[in-house]
2 protein chains.
Amino acid sequence: MAVTLKDISAACGISICSVSQVLSGSPRAQELSAATRKRILSTARDLGYCRNELARSVVTGKSNIVSVIVNNFTAFPPILDGICAAALEHDLTIKFISLHHGQGLSRSLLSVRQYRSVGLLGVAFEKAQLSVLDEHFLPYRIPAVVANTGVLMPGVPVVSTDQAGATCLALEHLYQLGHRKIACLGSVPPRCAAYETFMRDAGLTPRIFSERPDVYPELCKSDPDAVFCCTDNTGVQLLQWLYQQRIFIPESFSVMGFGGLELSEACSPTLSTVQEPFFDIGYQMLKILHDLIHGRSVPQHLQLPARLLPRDSTAERLPAT
Amino acid sequence: MAVTLKDISAACGISICSVSQVLSGSPRAQELSAATRKRILSTARDLGYCRNELARSVVTGKSNIVSVIVNNFTAFPPILDGICAAALEHDLTIKFISLHHGQGLSRSLLSVRQYRSVGLLGVAFEKAQLSVLDEHFLPYRIPAVVANTGVLMPGVPVVSTDQAGATCLALEHLYQLGHRKIACLGSVPPRCAAYETFMRDAGLTPRIFSERPDVYPELCKSDPDAVFCCTDNTGVQLLQWLYQQRIFIPESFSVMGFGGLELSEACSPTLSTVQEPFFDIGYQMLKILHDLIHGRSVPQHLQLPARLLPRDSTAERLPAT
DNA sequence: TTGTAAGCGTTATCAT
DNA sequence: ATGATAACGCTTACAA
């Protein structure tokens, strides 16, 4: 079995209590003589002591464990990286729960409470899944923060991309390249709304197409200068179809995505897009959760700015020939 | 504070001890009368009891926590899904540690032991990172299993794709399409080796090119029927370059990837590839770890079969014109 | 400056 | 068929 406080206490003839205080950095440790402190610390090191977080949590009634519920891991990996980075800073430990396991769902959600998690993070929840929070956790008043969901729940802060800002960033890019007939492909509500506003404000006529592949011909027939796609996935699909038709981009028209997902760099041509700040979203989620746990007041909806990622699918509008 | 055994004990006038046995499904609970059992279970439900895993672990000296160390979350998400799925079945809880945080590394590795993890899983380790296992965990005899690494460590089982099998699957596909001048692009040792063997066995001349983009022209000049790329990433890069040159695939030659990563479906044309069984790899890792923990004997190197994923970048060889 | 003792929520051993 | 009692490793009044 591992080295315990008792072992250290015995080894250097100091009471367990003092050993605990020194090793856990309690303020009262300062009252001990420097000599004892040094002795305790060095024997702890010699013996290879490693604090038992479980026992500590039993005593304090709270663990340093934050449970993160994800839809699946493929969704937004960088968010998880951000969460982990922040967890390290705040001395929290991350426990993961994946939602896609039908029968075992309630059992795996139970473990959040079994381990006395101090808080809960939800990544990429769909609307229906938000009710999970309601049912399983709201009654227990476990602080929670969610990311990338359109729905707002009272008392559950949301961290997300500034969708309107990101949309404008994309459209501004197209506009500055000289494009005026800018179509919108897709149906993500906040992005379509921001598109309409932008176009109206610029004195242009908005034209929104469904992201279904069977409207691509119609889209092309409308002879756009540029197409703003509501998601990278839609953008990639469009590019693939255009490739099959031997319609070349950006010569024929410019194409813009949204997200900055890995696949936006894999297509031909590489897709110009706006990069959602996934890492930061994760990082801020945990920071807000940490504040929430410590009773500090937090923003109900934190919107982080996206970054323009110009690549090969956009180019200056050719002067009419 | 949460409901405890003591509360239940008080509520139904049964000793804590009996309550514990019933609620944790101890065999000795069978000796209690059915009536008492029922009473305990129902009051537990009424009071909303939720077992404190932390306290339980303090007593038993082991937690049900498995620590998973990942390079970063973008690497192989489906592996993590597989791990989570298996964890649910074996009643284990998953704690994550991300490696890419320079300064805090040893602190975050410490938490593996602080939480008395029963086992360790390593995903997508690079050679250098394997030493982390050596230094930090081997001395403590924490059972470990790693995935997707070329290096074998004594006593640390590896789960991976059957690389030779997967390579043959890809090459067989090209061969059956009629291709004979099959080039290899890349430098993943087991895949290049399997390529050479396959070609020799088929009486064909192997020709291996570096994956560096500046050899693409040379590759094309060698006029291959098909190109086997050691990774999807290489395949995608090649396709992007070919697109820029307006060299069309699969008309000019067939291109094959390796991995089945998301991006292999985003390129133009979609990349034919062999799908590595990532989910299964994760699932089996945890299963093996579980066996290891319970002292059962386990395979030192489990190789799982890949699946052929024919897409648009491969086609039958045109009869010479 | 240091120690004693109680307690956290469990499980385990041994009685009854 | 059920209960006392100790123990796990730690923190935290309170005492000396």
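Just the heavy atoms: all of them, side chains too, but no hydrogens, waters or symmetry mates, feed the values below. In what follows, chains carry the letters A, B, and so on, assigned in the order in which the sequence lines appear, proteins first and then strands, with residues in each chain numbered from 1.
- Across all strands shown, A:Leu54 has no heavy atoms under 4.0 Å from either base or sugar-phosphate atoms.
- In this structure, CD1 on B:Ile14 lies 8.0 Å from OG on B:Ser9, to the nearest 0.5 angstrom.
- In this entry the distance linking CD of A:Gln21 with C1' of C:dT4 reads 12 Å, nearest Å.
- In this structure, the salt bridge (Lys or Arg N to Asp or Glu O under 4.0 Å) partners of B:Arg51, at least two apart in sequence or on a different chain, are B:Glu53.
- With hydrogens and angles ignored, a donor-acceptor pair closer than 3.5 Å exists between the side chain of A:Arg28 and the base of C:dT2.
- Between A:Ser160 and A:His301, the side chains place a donor N or O and an acceptor N or O closer than 3.5 Å (distance only, hydrogens not considered).
- Taking every nucleotide of DNA chain D with any atom under 4.0 Å from a non-hydrogen atom of chain B, the first and last of them, 5' to 3', are D:dA1 to D:dC8.
- Rounded to a whole Å, the CG atom of A:Leu32 is 11 Å from the C1' atom of C:dG3.
- B:Phe96 and B:Phe73 have tilted rings, their planes meeting at an angle from 30° to 60° on a 0 to 90° scale.
- Taking the six-membered ring where tryptophan is involved, the planes of A:His294 and A:His290 are tilted, since the angle between them lies from 30° to 60°.
- A side-chain N or O of B:Ser111 and one of B:Lys95 form a donor-acceptor pair less than 3.5 Å apart.
- Taking atom CD on B:Glu31 and atom P on C:dT16, their separation rounds to 17 Å, with Å as the unit.
- Within residues 33-52 of chain B, the residues approaching DNA chain D are B:Ser33, B:Thr36, by heavy-atom distance under 4.0 Å.
- Between C:dG3 and A:Ser15, a contact under 4.0 Å exists linking OP1 or OP2 to a side-chain N or O.
- Of the N and O atoms on the side chains of B:Glu276 and B:Thr161, at least one donor lies less than 3.5 Å from an acceptor on the other residue.
- Looking only at atom types and distance, the side chain of B:Ser57 has no donor-acceptor partner in the side chain of B:Thr60 under 3.5 Å away.
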